[in-house]
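Step one of this worksheet: look at the structure below.
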Amino acid sequence: MRITGIETTKRGRYALMVDGEFAFSVHRDSFLLNRWLQKDAEVTPGQLEQLRREDEFRSAREQAMDCLTAAEQTGGMLRQKLLRRYGEEAAEAAVLRMEELGLINDREYSRRFAADAVNLRGWPRRRIAAELQKKGVGEDVIAEALADVTEETEIETACRLLEKQYREKLRDRREREKAKAALQRRGFGYEVIRAAAAQVLEKLPQAQPEAEEPPEWEDRTEELLTLIRKKYRKNLTDRPGIEKTTAALYRRGYPLDEIRTAMKMILEQEENGCDD
């Protein structure tokens, strides 16, 4: 095998022609460091493969540096970006090198992300964990980052959101349910939402305590059960269907707790072999 030509590309790389055909291009540094890269030089397949591999690793490291200059990354985020252009081995080597240089630190990144998510965005543990998982952070690192985000922290966060956006509306039952639904969409759990709503209501002047069961509860429940069985039963087979049904019923004006109770009753009745 013989190098029959070396041409400069528009990107400043060097395209190698071997036996009259394009083989691959290399970075300027790769070209200068390998003095045997000369026109008419005899080469072996092993030499070319080693050159290609070394050049890919060098290019992946440079791309990693560019990515980190533009924005802070987790190891998982950077790895996924590199895999769009490079092989798995080169991408992994580049990520490890960035970690060695101290340019990537998933623990520090996750700790700051969790703190900002709570204090600036008002996110609960579940949503923070889900976002960090999307960024490729390991479960042990996520657990460390969330160590200080307790249930009390979530209740405080939910209280801040309620006071900021819904304070004057919480006296009205329907508006209160809408506020609870908004918190649920943010990822807060039911018990946290209930505790936060109770705390905010207690601080409101002349707030009237909510009756555990309105007088019309039984009639409305029967109405709700009938509606679910007739129109939404097929949706109760999986979580997306249940969430879709909950949203639809909520838009009809039914409180979230009654919707959940009715769906649970239907599922339990069917599980026990009862149709009514």
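In summary, Lys203 and Glu163 engage in a salt bridge, as defined by a charged side-chain N under 4.0 Å from a carboxylate O. The pair Arg52-Glu49 counts as a salt bridge, with a side-chain nitrogen and a carboxylate oxygen less than 4.0 angstrom apart. Note on Glu154 versus Arg160: no salt bridge recorded, every NZ/NE/NH1/NH2 to OD/OE distance being 4.0 Å or above.
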(message) Set out, in order, the CA-CA distance, both residues' side-chain angles and the distance that settles salt bridge (charged side-chain N to carboxylate O under 4.0 Å, His left out) for Arg107 and Glu144, then state yes or no.
(response) CA-CA 8 Å; Arg107 281 182 164 77; Glu144 289 183 22; 3.1 Å; yes
(request) Check the pair Ile266, Tyr232 against side-chain contact (heavy atoms from CB on, under 4.5 Å), reporting the backbone distance first and the verdict last. (result) CA-CA 11 Å; Ile266 290 174; Tyr232 300 102; over 6 Å; no
(message) Pair Arg58, Leu33 - check side-chain contact (heavy atoms from CB on, under 4.5 Å), show working.
(response) CA-CA 12 Å; Arg58 177 179 286 107; Leu33 290 172; 3.5 Å; yes
(request) Apply the test side-chain contact (heavy atoms from CB on, under 4.5 Å) to residues Tyr109 and Glu72: give CA-CA distance (whole Å), side-chain angles for both, the deciding distance (0.1 Å), then the verdict. (result) CA-CA 8 Å; Tyr109 178 98; Glu72 188 177 10; 3.4 Å; yes
(message) Determine whether Lys135 and Phe113 satisfy the following criterion, side-chain contact (heavy atoms from CB on, under 4.5 Å), listing intermediate values before the conclusion.
(response) CA-CA 11 Å; Lys135 296 176 182 293; Phe113 182 89; 3.6 Å; yes
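How far CG of Asn119 is from OG1 of Thr157: 7.5 Å, rounded to the nearest 0.5 Å. Distance CD/Glu243 to CG/Asp238: 9.0 Å, rounded to 0.5 Å. Interatomic distance, CG of Leu146 versus CG of Leu132, reported as 6.5 Å (0.5 Å rounding). Rounding to the nearest 0.5 angstrom, the gap separating the CD1 atom in Ile142 from the CD1 atom in Ile128 is 10.5 Å. With values rounded to the nearest 0.5 angstrom, Met65 atom CE is found 11.0 Å from Leu78 atom CG. Separating the CG atom in Leu161 from the CZ atom in Arg121 is a distance of 13.0 Å, to the nearest 0.5 Å.
When the side chains of ILVMFWY residues are joined at heavy-atom separations under 4.5 Å, either directly or via intervening members, Val118 and Ile155 end up in two distinct hydrophobic clusters. A continuous path of hydrophobic side-chain contacts links Val26 to Met1 [ILVMFWY only; heavy atoms under 4.5 Å]. Hydrophobic clustering, with ILVMFWY side chains joined whenever heavy atoms are under 4.5 angstrom apart, groups Met263 together with Leu227. Linking ILVMFWY residues whenever their side-chain heavy atoms come closer than 4.5 Å, directly or via other members, places Val43 and Leu51 in the same cluster. Transitive grouping of hydrophobic side chains (ILVMFWY, heavy atoms separated by less than 4.5 Å) keeps Leu96 and Leu101 in distinct clusters.
Looking only at atom types and distance, the side chain of Tyr14 has no donor-acceptor partner in the side chain of Thr8 under 3.5 Å away. No side-chain donor-acceptor contact under 3.5 Å links Gln63 and Lys81.
Put simply, the side chain of Ser110 gets close to the backbone of Asp106: a donor and an acceptor are under 3.5 Å apart. Judged by distance alone, with hydrogens and angles left aside, the side-chain atoms of Arg127 form no donor-acceptor pair with the main-chain N or O of Gly187 at under 3.5 Å. Under a 3.5 Å cut-off, the side chain of Gln73 and the backbone N or O of Ile104 do not form any donor-acceptor pair. A donor-acceptor distance shorter than 3.5 angstrom exists from the side chain of Arg125 to the backbone of Val149, with no hydrogens or angles considered. The backbone N or O of Gly20 sits less than 3.5 Å from a side-chain atom of Thr4, completing a donor-acceptor pair. Without hydrogens or angle criteria, Ser59 side chain to Asp55 main chain gives no donor-acceptor distance under 3.5 Å.
Of all the heavy atoms in Ala15 and Phe22, the pair that sits closest is CB-CE1, 3.7 Å. Of all non-hydrogen atoms in Glu191 and Arg194, the two that sit nearest each other are OE1-NH2, 2.7 Å. The two residues Leu82 and Ala60 make their nearest non-hydrogen contact at CD2-O, 3.8 Å. Residues Gly189 and Arg126 come closest through the heavy atom pair N-NH2, 4.1 Å. The minimum heavy-atom distance linking Ala145 with Ala114 is given by the pair O-CB, 3.7 Å.
Here the side chains of Arg186 and Trp123 are in contact, with some heavy-atom distance below 4.5 Å. Residues Trp36 and Gln47 form a side-chain contact, since some pair of their non-hydrogen atoms from C-beta on lies under 4.5 Å apart. With a 4.5 Å cut-off on side-chain heavy atoms, Leu68 and Met98 count as touching. Two residues are said to be in side-chain contact when any heavy atoms from C-beta on lie closer than 4.5 Å; Arg13 and Arg28 fail this criterion. The side-chain heavy atoms of Ile228 and Leu236, taken from C-beta on, include a pair separated by under 4.5 Å. In this structure, Leu103 and Glu99 have side chains that are not in contact, with every pair of non-hydrogen atoms separated by 4.5 Å or more. Leu162 has its side chain within reach of Leu183: a pair of non-hydrogen atoms, C-beta onward, lies under 4.5 Å apart.
Around atom CD of Glu42, more than 12 heavy atoms belonging to other residues, nucleotides or ligands sit under 6.0 Å away. For Asp116, the CG atom counts as densely surrounded, since its 6.0 Å shell holds more than 12 non-hydrogen atoms of other residues, nucleotides or ligands. Environment of CZ in Arg174: sparse, with no more than 12 heavy atoms of neighbouring residues, nucleotides or ligands closer than 6.0 Å. Summarising the local packing, CD of Glu100 is surrounded by more than 12 heavy atoms from other residues, nucleotides or ligands at distances under 6.0 Å. Dense packing is recorded around CZ of Arg112, with more than 12 heavy atoms of other residues, nucleotides or ligands lying under 6.0 Å away.
Phe57 carries Arg53 over the face of its six-membered ring, with the cationic atom under 6.0 Å from the centre and within 45° of the normal.
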